[in-house]
Amino acid sequence: MTQHVQPTGAVAGYRPERTLRLSVELRRQFKRRRTLGVYALMVALPLVLIGALQLGASEEAQENSRINLVDVATSSGLNFTLFVLFATTGFFLVVVYALFFGDTVAVEAQWGSLRYALATPVPRMRLLRQKWLAALVQSVAALLTLATVAVVAGGIAFGFDDIRTPIGITLDQGDGMLRLAGMLGYLAVHLLVVGALAFWFSTITDAPLAAVGGSVFTMVVFAILDQVEQLGSIRDWFPTAEEFAWTDLLQTPIDSGDLYRGVIQSLVYIAIFTALGFRHFARRDVTS
């Protein structure tokens, strides 16, 4: 009998690193109706905005020589993509990140499958890490899907011309695509703050809606407080302080001060919220 048991007490052949592989978790998550619904929205939203811009166009707006947000949005596919990102950064993408990360643990606890996953046995910290990584892949993929559809559909509708910034600067397509990649990279990191917050809440509650709604509500509150000028420099430390810093990449030369501050501040919040999530889950009773 002893030859079938390892010194640790585990069955012979058991390897913790082989349990719950990331590819398995990703396949499982991408098959969920929630995931398919989110990606359907990511594809549909740019198409709806294109229809709205085309239907809302008027001769008066077309003859207006002043560059405004709508005129810039319809000048090229890249401009339309920037408009989509600007329109979705404050709330829509926040909800998407919160949804993917808020479901990591809470939905498993609600279904009652969490205790069975740990009894497989999957090490507790490995299970949480794999779910965190799966949520990250889903969130970034959703952001890239939104941008890709916006570029392609916007290019077909408005042409594949150069970028025209709101202040009249023109950027060629090559430079524009590089800057767009930088914007998406910044957004992927900044939005991970709300993802990490939802992840922490997901380890606390058994209700996915509470984890998702709680993280979104928290970010909305900070966004509102960020508009209160009487708070002064305190606002610079809010997690929403630099949410639109990616627009600095449209400047020539690029002002990278707020970008660096936004990335560093986001990474600090991400580390804190993720660590709190792992700490709480390590002590959580998942058997009851």
Side-chain angles (χ1 to χ4, degrees), residues 85-86 88-106 124-144 179 181-205 210-249 251 254-284:
L85 292 179
F86 188 85
T88 57
T89 295
F91 185 75
F92 184 78
L93 290 174
V94 169
V95 174
V96 170
Y97 266 68
L99 180 62
F100 284 131
F101 278 88
D103 262 5
T104 47
V105 178
R124 184 173 293 210
M125 294 298 99
R126 177 177 175 81
L127 179 141
L128 201 58
R129 185 191 69 185
Q130 299 297 73
K131 288 189 173 296
W132 192 96
L133 291 175
L136 175 63
V137 171
Q138 291 178 89
S139 301
V140 174
L143 176 62
L144 294 178
R179 298 196 186 202
M183 295 173 189
L184 292 174
Y186 178 86
L187 280 173
V189 174
H190 179 75
L191 289 168
L192 193 52
V193 173
V194 67
L197 180 61
F199 169 80
W200 175 30
F201 289 166
S202 184
T203 63
I204 297 175
T205 178
V212 176
S215 57
V216 173
F217 178 78
T218 301
M219 299 302 286
V220 169
V221 170
F222 275 116
I224 294 173
L225 291 176
D226 194 31
Q227 304 302 315
V228 181
E229 297 181 359
Q230 287 82 351
L231 292 176
S233 59
I234 297 177
R235 297 180 301 166
D236 295 337
W237 299 98
F238 290 169
T240 56
E242 307 295 343
E243 64 179 344
F244 289 103
W246 57 270
T247 57
D248 291 346
L249 289 170
Q251 300 180 15
I254 297 174
D255 184 4
S256 59
D258 289 341
L259 289 168
Y260 287 137
R261 176 183 175 85
V263 170
I264 293 174
Q265 187 168 289
S266 296
L267 291 176
V268 171
Y269 276 115
I270 292 166
I272 292 174
F273 293 149
T274 302
L276 288 173
F278 273 86
R279 179 178 180 273
H280 187 275
F281 191 69
R283 304 178 178 185
R284 179 175 176 178

Check: What do the steps show when you test Phe101 against Trp132 for side-chain contact (heavy atoms from CB on, under 4.5 Å), and what is the final call?
Finding: CA-CA 7 Å; Phe101 278 88; Trp132 192 96; 3.8 Å; yes

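- Of the options Leu276, Ile270, Ile272, a side chain to side chain contact (heavy atoms under 4.5 Å, CB included) to Thr274 is made by Ile270 and by none of the others.
- Aromatic pair Phe278/Phe199: ring centres closer than 6.0 Å.
- Taking all atoms of both residues into account, the shortest heavy-atom contact from Ala98 to Ala198 is O-CB, 3.6 Å.
- Rounded to the nearest 0.5 Å, atoms CZ (Phe201) and NE2 (His280) are 11.5 Å apart.
- Across all their heavy atoms, Tyr186 and Ala245 have their closest contact at OH-CB, 3.5 Å.
- When all heavy atoms of Asp103 and Ser202 are compared, the closest pair comes out as C-OG, 4.1 Å.
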Next item on the list: Applying side-chain contact (heavy atoms from CB on, under 4.5 Å), run through Phe222 and Asp226 and close with a yes or a no.
Entry: CA-CA 6 Å; Phe222 275 116; Asp226 194 31; over 6 Å; no

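- If you take CH2 on Trp246 and CG on Asp248, they are separated by 10.5 Å, rounding to the nearest 0.5 Å.
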Show me the side-chain donor-acceptor pairs of residues 254-269 shorter than 3.5 Å, one per line, residues at least two apart or across chains.
residue	atom	partner	partner atom	Å
Asp255	OD1	Gly257	N	3.4
Arg261	NH2	Asp236	O	3.0
Gln265	NE2	Asp236	O	3.4
Gln265	NE2	Phe238	O	2.8
Ser266	OG	His190	ND1	3.3
Ser266	OG	Gly262	O	2.7
Tyr269	OH	Trp237	O	2.3

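- Among all heavy-atom pairs drawn from Ala142 and Phe100, the shortest one is CB-CE1, 4.1 Å.
- Distance check: Gln227 CD to Thr240 OG1 gives 8.5 Å after rounding to the nearest 0.5 Å.
- A distance of 10.0 Å separates CG of Leu225 from CD1 of Ile234, quoted to the nearest 0.5 Å.
- Atoms CG and OG1, from Leu133 and Thr104 in turn, are 11.5 Å apart once rounded to the nearest 0.5 Å.
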Notebook entry, point to check: Step by step, would you call Phe281 with Leu127 a side-chain contact (heavy atoms from CB on, under 4.5 Å)?
Noted result: CA-CA 10 Å; Phe281 191 69; Leu127 179 141; 4.2 Å; yes

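- Residue pairs meeting the side chain to side chain donor-acceptor pair (under 3.5 Å) criterion with at least one partner in residues 212-223, sequence neighbours excluded, do not occur; the list is empty.
- We find the CZ-OG1 distance between Phe86 and Thr89 to be 8.0 Å, quoted to the nearest 0.5 Å.
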Checklist line | Leu85/Leu184 under side-chain contact (heavy atoms from CB on, under 4.5 Å): CA gap, chis, key distance, verdict | finding: CA-CA 9 Å; Leu85 292 179; Leu184 292 174; 4.0 Å; yes

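- Between Val95 and the options Tyr97, Phe91, Phe92, a side chain to side chain contact (heavy atoms under 4.5 Å, CB included) holds for only Phe91.
- Listed here is the closest heavy atom pair of Leu143 and Ala188: CD2-N, 3.8 Å.
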